[in-house]
Every structure is written in structure tokens, then in C-alpha cells.
Amino acid sequence: MNTIDTSHIRNFSIIAHIDHGKSTISDRILELTRTVDDRDMASQLLDTMDIERERGITIKSNAVRVMYDADDGETYQFNLIDTPGHVDFTYEVSRSLAACEGAVLVVDATQGVEAQTVSNANLAMNADLDIVPAINKIDLPSAHPDEVKTEIEDELAIPADGAVCVSGKTGEGIHDLLEAIVFLVSPPKGDPSAPLKALILDSYFDEYRGVVATVRVFDGSIKKGDILRMMQGGEDFLVDGVGVKHPAEALVESIGVGEVGFVVTGLKDPEAVHVGDTLTMRDEPCDAPLPGYREAKPMVYTGIFPIDNKDYENLRDALEKLHVNDPSLTWTPETSVALGFGFRVGFLGLLHMEVVKERLEREFGLALIATSPSVDYHVYKTDGTMVEVRSPQDLPDATRIDRIEEPYLKAKIIVPPEYTGAVMQLAIEHRGITTDMIHLSQKSVEMRFDMPLAELILDFFDQLKSRTKGYASLDYEFSDYRASDLVKLDILLSGDEVDALSFIVHKDKAYALARGLCDKLKEIIPRQLFEVPIQGAIGNKIISRSTVKARRKDVLAKCYGGDISRKRKLLEKQKEGKKRMKAIGSVEVPQEAFMAILKVDE
Ligand code: GTP
């Protein structure tokens with residue numbers, strides 16, 4: 001049962017390249033529609049996670065209902081879905097788009113069309129959505145909205161006559177944007193009296209209420225007390241409540257056709273609900289499930305180990321709970337001689353990895369060590385079999401390897417013409433092969449490369465930004481597997497190989513990297529009571545070396561006099577520092593050491 005006629009519903013996502021202002025515009029929309037009181041208007045309302053607010057990035061999509069009194073005198077229900085802009089989370093964007101009829105495509109008036117603008121616009125066009133272009137940040141002196149309009153037409157093939165110029169900062173143009181949404185985005189279609197058909201677009205685990213699922217209803221409706229079935233998962237449950245977000249949660253009678261809201265399932269097993277599954281009535285099922293989503297494929301793997309081995313089960317439990325909210329996470333148990341029991345966890349990219357590790361630590365109170373990131377190698381053995389290797393320590397002995405294939409990407413970089421040389425140079429250094437170069441306009445060139453994923457996950461993006469003064473934007477997708485001359489580089493501390501510090505590297509880069517890594521580790525590993533030699537080796541051959549000199553560390557020496565509280569403070573501080581260290585043999589190694597590979601300047 002709907003509280004509003006479907007002709008007065010508009011479901012839309014806000015999509016853009018990272019930092020073009022999606023979350024800021026969402027906030028202004030909430031303000032203008034008086035969804036949120038001015039006094040509650042903290043910045044970036046839709047970024048609910050601490051990490052999102054601190055970093056100023058959106059990680060999760062978020063669905064909010066606002067009511068808009070339009071100029072035609074009618075009241076419209078907007079279901080607004082904010083989406084992440086970083087390339088790691090493209091999957092999240094496509095999930096949101098499947099729940100919408102329209103998309104507001106935000107383009108920064110000072111930056112113009114960038115790589116993620118192109119790929120997000122393509123996602124929206126492929127999903128057949130009505131697109132409302134919005135040119136943001138027109139308050140800035142360097143804004144050039146007319147040129148950006150031309151770029152939208154030329155580079156994206158989207159008509160820009162209806163483009164709305166806005167400022168998320170001052171609120172200018174936001175009213176026009178809301179009018180454009182009413183006018184340009186189609187209302188949802190669907191049959192209110194047909195059997196329920198609803199898409200699960202997100203879910204999270206709540207200690208008290210069990211799994212809470214965000215859904216978009218296509219046919220029928222949902223109310224408390226209904227007995228629903230998940231069509232693919234097969235599980236049935238009694239609806240414990242339905243509601244919408246304003247963005248604060250509010251329970252409602254029902255969620256009707258075309259609407260977006262949440263369903264309290266009461267299910268206590270975090271694995272029971274799958275994002276992308278279709279909900280229907282147990283006793284009156286619909287004919288067929290919705291197409292759902294393609295599975296997100298992890299690109300990057302790292303070992304994650306609790307510093308205290310007793311936390312192993314807690315880590316597993318935390319991963320399971322996080323998985324409800326982040327279905328792209330995958331993991332398998334992993335054992336390391338150096339770090340004990342942990343998991344090899346698959347991520348969509350490095351930012352995703354950092355975010356997950358931080359969430360595990362903050363939301364579940366775990367102290368963790370992550371090892372350097374790896375990709376999924378296909379190792380063909382001399383006996384004719386193939387094994388997938390996601391951790392350097394699983395690499396078979398060199399004598400048993402016929403060849404190793406690694407994942408390649410198709411990378412797309414959009415950059416002003418004066419930086420094409422710098423980008424080309426950077427790509428060559430990262431084993432990239434140029435496949436195409438297209439002049440999009442006088443101000444931008446699209447360069448395409450085939451490049452190993454393993455190169456991109458190290459420092460490629462930071463270098464790209466610094467060598468193009470921040471002008472380049474990057475987008476990529478998986479391409480294929482190709483054979484490469486790869487070797488395993490081991491690191492030895494005090495003569496003992498530390499499995500958690502090994503990694504797989506291209507032969508031509510092994511020497512330089514081994515040297516860089518030994519030097520970096522020397523900076524990172526604090527002086528101990530004895531000398532610690534650090535060596536890089538391929539097989540039995542040592543190829544680089546550095547040494548951490550011995551030092552007797554007497555922290556109390558500074559405390560002349562008998563100020564006992566000061567001594568205690570110092571000792572506590574030292575204890576805190578120790579917590580983040582891991583004893584490898586007799587050497588205390590800080591967490592950073594395991595990520596040193598990301599910090600080596602080649
Ligand atoms: P992600 O969620 O990380 O993809 O970013 P986003 O697209 O949501 O961008 P966000 O809203 O976080 O804005 C990025 C930055 O641009 C922030 O520092 C905003 O304060 C700033 N910003 C957004 N809109 C405007 C605007 O209209 N004018 C000005 N001057 N700054 C803006």
C-alpha cells in the first residue's frame with residue numbers, strides 16, 4: 001500500500017568523480033527540503049561512518065527519503081541514494097543504480113569531466129536511467145560552467161541544455177536541481193497488487209534487531225508481520241518492522257511499489273541475507289527473481305592477523321558481521337610462521353583494504369597487522385596443473401614452476417595534453433603498454449594502457465597525481481591474465497626468513513626493490529638491544545642488505561629526580577608503543593614494516 005501515488009515518486013542516485021561534491025549536494029537537498037533541522041545539520045549527513053567523515057569520502061551508498069513541495073503545488077517523495085566516487089567502489093554505484101529511475105550526474109565546474117565521470121555516466125546510461133547533469137562549485141572563481149557543459153555533450157554524449165548550475169557550498173541552484181529532478185526523472189512503474197518483488201540493495205547487522213536490509217520495492221508492498229522469502233537464499237522470515245531513513249530511521253506502516261526503505265528481518269545469522277537477492281511473499285511468490293547483481297571480484301589480497309593470537313575467533317566473527325554490510329569481502333584462513341593465525345582477505349582495491357582494516361579495528365576493537373598487498377597469480381606448474389596464489393608464501397618452489405601469469409588491467413587516464421609525456425613515462429616504469437590515445441578536447445586527452453594490476457596497487461596512483469599536479473584522473477577494469485617473469489623476494493631479519501615480509505615481484509625490478517625495502521625497513525624497525533641485519537634474497541641468493549644498529553634504550557634516563565608519576569607515564573607510553581609491535585623471533589617489528597613495500601621510492 002502506498003502513501004503517495006507512484007507518479008509522485010522519484011528515485012535517483014547522485015553520481016560523480018571523487019570529490020566533485022555529491023555528499024555536499026545531498027546535504028543541501030536535505031536542508032532545502034527541511035528533512036533535517038538546521039541545528040542538526042552537521043556536515044556530510046549521509047556519510048555516517050566515522051571514517052567517511054574524517055576522510056571526507058563516501059564509502060557506502062546511503063538511501064534517504066525526502067519530501068519536496070514542488071513549484072507545481074504538488075508534494076513529491078524523493079528517494080535519494082548517495083554513492084561513493086572512488087574507483088574501488090564502482091560496484092557499489094552499479095548496485096545503487098539498479099534501484100533508481102534517474103541519476104544526477106555531478107561535474108565539478110573547475111575540473112570538468114574526469115575518468116570516473118565517464119565510467120559512472122556509462123553505468124547510468126547502460127542502466128537506462130534519466131540523467132540530470134549538475135555542474136557544481138559555480139561559486140569558485142575558477143569555475144568554467146560553459147566549457148564543462150560542452151565537455152558533457154562532447155565527451156559523454158549527454159545533452160546538457162538541461163544541465164543545472166549549482167553550488168553545494170552556497171546552496172545556489174539547488175532548488176532548480178530539485179525541479180529538474182521532478183521534471184526529468186521518470187516515476188517508477190510497478191503493480192501494487194502484484195505479488196511482492198523487492199531488491200535487497202544493502203544490509204547491515206544490528207546486535208538487537210538482527211539483519212536490517214535496505215530494499216527497493218518493484219511490485220507489491222511490505223509491512224510488519226508479512227512472511228517473506230529470499231528467492232535465492234531460500235530462507236523465510238517474519239518482518240519485524242519496516243521503515244525509511246530521513247536520514248534518522250523512522251518506522252512506517254508499509255513500503256509500497258516504487259519505494260525504497262528498510263526491512264527488519266530479525267535474522268541473527270549475518271550470512272542469511274544476500275545483497276542482490278529478491279524478496280517476495282512466502283505464500284504468494286512472484287514469478288521470477290530480479291536480475292540482481294554481478295558478484296564483486298576482489299582485486300587485492302592481504303594477510304590480516306590479530307596482534308594477540310587469542311583474537312583469532314573474534315576476527316572471524318568481525319569479518320562475518322562486516323560482510324553483511326560489505327558483501328564484496330572474501331576471506332580464507334592463513335597461517336604465517338611470523339604472525340600466527342589470521343586470514344587472507346580479498347579487497348576491491350587498496351582504499352577498500354585500508355577502510356576495512358580501520359573498521360575492524362574501530363568497530364570491533366581489534367588490534368591487527370596487515371601484510372603487504374598481493375594480487376591473484378595463476379601459477380602453472382611443471383606437472384601441468386595450475387594453482388591460484390594470493391599469498392607469496394604459497395608460491396611453489398621455483399623448480400616446480402613452468403610459468404606465472406598475472407592479472408592485467410585496462411587503465412584509462414584523462415589528462416591535459418601537456419602531461420601526456422609524464423604519464424607515458426610513469427606507465428612505462430610500471431610495465432604499462434600504451435594501447436590508445438584519444439584527444440577528447442583541447443584540454444583533455446584520454447590515454448589507455450594495459451598494465452599489471454600488481455603495479456597499479458603499489459604507488460601508481462599517488463605518483464600519477466604528483467607528476468600531473470593533480471590533474472590526471474584514473475579509471476580501470478580487469479582485462480586478462482598474461483605470463484610475466486616473476487620471482488619471490490624474501491626478507492630475512494637476523495638471518496631468519498620472515499614469511500609475512502615476502503612478496504612477488506617482476507625480475508627486472510627485484511634488485512632495486514630489495515635495496516629500497518632493506519633501507520626502508522632499517523628506518524622503520526627501531527633499534528633493539530642487539531644488531532639486526534636485514535637481507536633481501538631470491539631463493540638462496542642474498543641481493544641486498546642493511547643493518548639496524550644496536551642501542552640500549554633506557555627511557556627512564558630522562559627522568560632525573562624522583563617524579564614517579566612521570567616515570568609511570570613514560571613506561572605506559574612505551575607499553576602502548578609495544579602493543580603495535582609484533583615480536584618476530586627476538587626482533588620487535590612495528591606494523592608499518594609489513595606495508596613498507598608501499599613506501600619504497602623506486
Ligand atoms: P566522495 O564522497 O569522496 O566521492 O566525494 P564527494 O563527491 O561526495 O565530494 P564532497 O561532497 O565530499 O566534496 C568534496 C570537496 O569539495 C569538499 O571539500 C567540499 O567542501 C567541496 N565542495 C563541494 N561542493 C562545493 C561547492 O559547491 N563549492 C565549493 N567551493 N566547494 C565545494
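Whatever order the structure lists them in is the order used to number ligands and atoms, beginning at 1. Quick note: residue numbers are just sequence positions, from 1.
- Under a 4.0 Å N-O distance rule, the pair E153/K149 does not qualify as a salt bridge.
- No side-chain donor-acceptor contact under 3.5 Å links Y408 and E455.
- Contacts between S23 and ligand 1 below 4.0 angstrom, taking non-hydrogen atoms only, involve backbone and side chain alike.
- Side chains of H20 and Q111: a donor-acceptor N/O pair is absent below 3.5 angstrom, by distance only.
- For the residue pair H17 and D475, no side-chain donor N or O sits within less than 3.5 Å of a side-chain acceptor on the partner.
- Side chains of T170 and D139: no donor on one and acceptor on the other come within 3.5 Å.
- Short contacts between ligand 1 and L140, defined as distances under 4.0 Å to a heavy atom of the residue, involve ligand atoms 30 (N).
- Within ligand 1, the atoms closer than 4.0 Å to a non-hydrogen atom of D139 are 26 (C), 27 (O), 28 (N), 29 (C), 30 (N), numbered from 1 in the order shown.
- For D202 and T214, the side-chain atoms include no donor-acceptor pair closer than 3.5 Å.
- Atom 22 (N) of ligand 1 has its nearest heavy-atom neighbour, among K137, H17, K169, in K137.
- Per-residue contacts place G168 under 4.0 angstrom from the following atoms of ligand 1 (heavy atoms of the residue considered): 26 (C), 27 (O).
- Of the candidates T24, I14, I18, it is T24 that places a heavy atom closest to atom 10 (P) of ligand 1.
- By the side-chain hydrogen bond (donor to acceptor under 3.5 Å, both in side chains) test, Q77 is found to be paired with N79, E259, residues two or more places apart in sequence or in another chain being considered.
- At a heavy-atom distance under 4.0 Å, only side-chain atoms of N136, from C-beta outward, approach ligand 1.
- When each atom of ligand 1 is checked for a heavy atom of S167 under 4.0 Å away, the hits are 27 (O).
- Taking only nitrogen or oxygen atoms, main chain and side chain alike, V166 does not reach within less than 3.5 Å of ligand 1.
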